[in-house]
Protein chains: 2
Amino acid sequence: MEPTRWLTDGEQEIWRRTLAVLTLLPNELEGQLQRDADLTRFGYGVLATLAEAPGRSRRMSELAALANGSQSRLSHLVGRLERRGWVRRERADDDGRGCVAVLTDAGYAHLAAAAPGHVALVRSLVFDALTPTQVTQLGEITAALLTRLAPPGDCPASSDHGGSTADGR
Amino acid sequence: MEPTRWLTDGEQEIWRRTLAVLTLLPNELEGQLQRDADLTRFGYGVLATLAEAPGRSRRMSELAALANGSQSRLSHLVGRLERRGWVRRERADDDGRGCVAVLTDAGYAHLAAAAPGHVALVRSLVFDALTPTQVTQLGEITAALLTRLAPPGDCPASSDHGGSTADGR
DNA sequence: AGCAGATACTTGAAGCGTCAAGTATTCGGT
DNA sequence: ACCGAATACTTGACGCTTCAAGTATCTGCT
């Protein structure tokens with residue numbers, strides 16, 4: 001067992017700031033979505049993912065993976081979204097165990113109404129705060145981090161892409 | 001009211017990855033702390049902050065601000081930590097309304113036991129995943145982001161400047 | 001065919017965080 | 001000195017997430 005390699009002073013400074021960002025940025029996003037759209041960040045992500053999907057529908061397990069959440073979490077969420085009429089559940093025809101979540105028109109409308117405000121916040125808190133060079137660096141850094149965070153063999157359904165965070169338009 | 005400035009394809013790609021990091025990295029940290037030390041990331045942060053403080057104690061409101069949490073959240077947390085014997089509450093002598101949280105020896109020991117594993121994870125997920133150059137860039141980027149997330153004069157009412165927030169305009 | 005085990009999803013309980021309201025105590029203008 | 005307003009913290013209820021268990025369906029081995 002090796003002795004712990006503590007962080008250097010410089011690393012600590014950087015890690016402290018990173019932790020703050022990891023706390024404050026999601027907080028701001030959650031707060032805005034909650035206030036303006038009565039949605040969680042996870043809920044918004046799920047609706048947005050559905051909006052980009054062919055037929056505005058996805059298998060539950062796919063959806064959970066795409067939104068980086070557990071199956072249980074998604075199940076509870078879809079239950080709530082269903083009660084609000086934003087999503088509908090249908091049985092999968094190719095697999096009797098499965099379920100597909102379908103975005104309703106009301107759900108799409110709600111997402112479309114929420115998107116502009118959310119995108120504006122993302123722009124003001126992130127992209128407007130960084131230089132173009134820093135934005136590029138952020139892209140590289142997050143890609144590097146994800147190699148450790150999203151172990152290979154986890155994203156089988158990366159066929160789609162090209163979608164938009166907000167809604168098609 | 002301006003038309004929404006949507007994210008470009010490049011920005012979307014970067015934002016998508018950033019969101020994933022914002023979700024997965026805290027998840028990993030929380031999971032490790034929960035499993036190995038029965039602590040939340042917030043709980044760990046509070047204990048760590050207390051450990052560094054003079055007298056291993058801090059006013060509740062200071063502590064909440066340093067750990068980037070609300071006063072209510074801290075109050076609930078300290079209640080739980082107190083029940084486990086890791087923290088003790090004392091009345092502030094200079095201000096009858098105030099409270100100081102004090103880290104007990106048991107609390108310090110628990111933190112000391114948890115730290116090596118946590119630091120090891122941080123190292124492996126973040127610092128080992130990035131080049132030295134990227135680590136420096138991460139430091140600069142987080143510093144830039146924090147100028148928007150943690151306004152310097154955020155305590156009293158300082159009029160907002162810099163443009164459009166999401167909701168208002 | 002039949003049965004064990006994997007897979008897809010759901011459910012209920014428990015913990016944590018937020019919000020709104022409540023209790024003390026201190027500050028500040030008159 | 002006094003009274004209303006601000007401050008420091010607490011409390012309770014409610015919503016969301018996790019964890020462990022439960023149900024239903026499918027798959028593969030014999």
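Considering only side-chain N and O atoms, A:Arg73 lies nowhere under 4.0 angstrom from the phosphate OP1 or OP2 of D:dC19. For C:dA8, the OP1/OP2 oxygens have no side-chain nitrogen or oxygen of A:Gln71 closer than 4.0 Å.
Between the CZ atom of B:Arg58 and the C1' atom of D:dC9 there is a distance of 18 Å, rounded to whole Å. Atom pair A:Leu74:CG and D:dT18:C1' shows a separation of 14 Å (rounding to whole Å applied). Across the protein-nucleic acid pair, A:Arg84 atom CZ and D:dC16 atom C1' stand 11 Å apart, rounded to whole Å. One can place CG of A:Leu39 at 18 Å from P of C:dT18, the figure rounded to the nearest angstrom. One can place CD of B:Glu62 at 15 Å from C1' of D:dT7, the figure rounded to the nearest angstrom. Between the CG atom of B:Leu77 and the C1' atom of C:dT18 there is a distance of 14 Å, rounded to whole Å. In this structure, A:Glu82 places its CD atom 12 Å from C1' of C:dT10, rounding to the nearest Å. When rounded to the nearest whole Å, the span between CG of B:Leu81 and P of C:dG15 equals 15 Å.
Considering every non-hydrogen atom in both B:Thr104 and B:Gly85, the closest pair reads OG1-O, 2.7 Å.
The side chain of A:Asp95 lies closest to D:dC26, out of C:dT10, D:dT18, D:dC26. Among D:dT18, C:dG17, D:dC9, the nucleotide with an atom closest to any side-chain atom of A:Ser72 is D:dT18. Here D:dT18 is the nucleotide among D:dC26, C:dT10, D:dT18 with the atom lying nearest to any side-chain atom of A:Ser70. Checking C:dA8, C:dA24, D:dT11 against every side-chain atom of B:Arg97, the shortest atom distance belongs to C:dA24. Comparing C:dT10, D:dC9, C:dG17 by their nearest atom to the side chain of A:Arg89 picks out C:dT10.
Between B:Asp38 and A:Gly31, the residue anchored nearer the 5' end of DNA chain C, judged by the nucleotide with its closest heavy atom, is B:Asp38. Of the residues near DNA chain C, A:Ser75 and B:Gly69, the one whose nearest nucleotide (by heavy atom distance) lies more toward the 5' end is A:Ser75. Where B:Ser61 and B:Gln34 meet DNA chain D, the nucleotide closest to each residue was compared, and B:Ser61 sits on the side nearer the 5' end.
No engagement by A:Arg91 is indicated, since no non-hydrogen atom pair under 4.0 Å with the nucleic acid exists. B:Arg35 comes within 4.0 angstrom of no nucleic acid atom, judged by non-hydrogen atoms across all strands. Here A:Arg80 lies in heavy-atom contact (under 4.0 Å) with a base.
Between A:Arg88 and A:Glu90, at least one side-chain N (NZ, or NE/NH1/NH2) sits under 4.0 Å from a carboxylate O, which counts as a salt bridge.
Between atom CG of residue B:Asp36 and atom OH of residue B:Tyr44 there is a gap of 11.0 Å, rounded to the nearest 0.5 Å. In this structure, A:Arg16 CZ and B:Leu146 CG are separated by 12.0 Å, a value rounded to the nearest 0.5 Å.
Within 6.0 Å of CG in A:Asp9 there are 12 or fewer heavy atoms belonging to other residues, nucleotides or ligands.
No hydrogens or angles were tested; on distance alone, a donor-acceptor pair under 3.5 Å links the side chain of A:His76 to the base of C:dG12.
Both A:Leu22 and A:Leu7 are part of a single hydrophobic cluster, where members link through side-chain heavy atoms under 4.5 Å apart.
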